Amino acid sequence: EARHRQVLMQGVKSLAIAAPLSLLGSLAAQRYVGLYRGLSLPFKTFIGLMIPTGTFFTVVDRAAMHADLELSLRYSVSRKEDLQKIVQEPSEQTWQSTLFKHRYSIIGFGWLASLGATLLYNWKRRDIATAHKIINARMTAQTFALLGVGAIAGLATVTEPRREIDPHFERIVHASSRSSS
């Protein structure tokens, strides 16, 4: 009960920070951003509530994971040092493992960069409508994202899988094999 209360209090603290900042951001956007002024009230309300809600659930989720880790370490038969060995990355990293580790960020930022570049390129063109410019940019970005997903999938098929060793499991398995010998 106390652990749940602590996790929720961390979420409430983040909500107390995010809600006024969201309101100030909304007021500033209303005053200085013409596109925001043109939005309907329900959409502005959605944007205003989205930021504090997302902040609350993100902080609560991270706090709950941290509390669960502390609880599991308290009652675990594995030593903390053994668990840290599992989490640590190998000292030798190839470009393939680095690329595979950050694959979602690479694809997301690649999509965003290609969307922005295509919008900038098309914005100078006067022969097509704005809606066509946006559709063209989105389709180009989707193409690059799909190429990125295909490349990462191809890389996953040729990359050696990393084997993680659980020291507690190894200790139990080797102890039982030694005792039976």
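Quick caveat, the model's predicted, so the values are computed rather than measured.
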For residues 44-55, which side-chain donor-acceptor pairs fall under 3.5 Å, sequence neighbours excluded?
unit_1, atom_1, unit_2, atom_2, d
Lys44, NZ, Gln30, OE1, 2.7
Thr45, OG1, Leu41, O, 2.8
Thr53, OG1, Leu49, O, 2.7
Thr55, OG1, Ile51, O, 2.8

Acceptor/donor pairs from residues 10-20 side chains to any protein atom, 3.5 angstrom cut, sequence neighbours excluded:
unit_1, atom_1, unit_2, atom_2, d
Ser14, OG, Gly11, O, 2.7

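Not a single donor-acceptor pair under 3.5 Å links the side chain of Arg3 to the backbone N or O of Ala67. Looking at Ser114, its side chain does come within 3.5 Å of a backbone N or O of Trp111 through a donor-acceptor pair.
The OG1 atom of Thr118 lies 6.5 Å from the CG atom of Asn122; values are rounded to the nearest 0.5 Å. Summarising the geometry, atom NE2 belonging to His132 is positioned 10.0 Å from atom CG belonging to Asn136; distances are rounded to the nearest 0.5 Å. Going from atom OH of Tyr121 over to atom OG1 of Thr140 covers 10.5 Å, rounded to the nearest 0.5 Å. Considering OG1 of Thr143 and CE of Met139, their distance stands at 6.0 Å, rounded to 0.5 Å. Atom CZ of Phe109 is separated from atom OH of Tyr104 by 15.5 Å, given to the nearest 0.5 angstrom.
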Might you work through the side-chain contact (heavy atoms from CB on, under 4.5 Å) test for Leu39 and Leu35, ending with a clear yes or no?
CA-CA 7 Å; Leu39 295 175; Leu35 181 65; 5.6 Å; no

Going through the distances and angles, do Phe144 and Ile107 end up as a side-chain contact (heavy atoms from CB on, under 4.5 Å)?
CA-CA 8 Å; Phe144 278 113; Ile107 291 171; over 6 Å; no

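Put simply, Val7 and Phe56 are part of the same group of oily side chains (I, L, V, M, F, W, Y) that touch within less than 4.5 Å, one to the next. Hydrophobic cluster membership differs between Met9 and Val59, with clusters built from Ile, Leu, Val, Met, Phe, Trp and Tyr side chains linked at under 4.5 angstrom.
Applying the 6.0 Å contact sphere to CZ of Arg62 captures no more than 12 heavy atoms from other residues, nucleotides or ligands.
Sorted by first and then second residue, the pairs that involve residues 109-127 and meet salt bridge (charged side-chain N to carboxylate O under 4.0 Å, His left out), not counting sequence neighbours, are Arg125-Asp127.
Pairing each heavy atom of Ile128 with each of Lys133, the nearest pair is O-CE, 3.4 Å.
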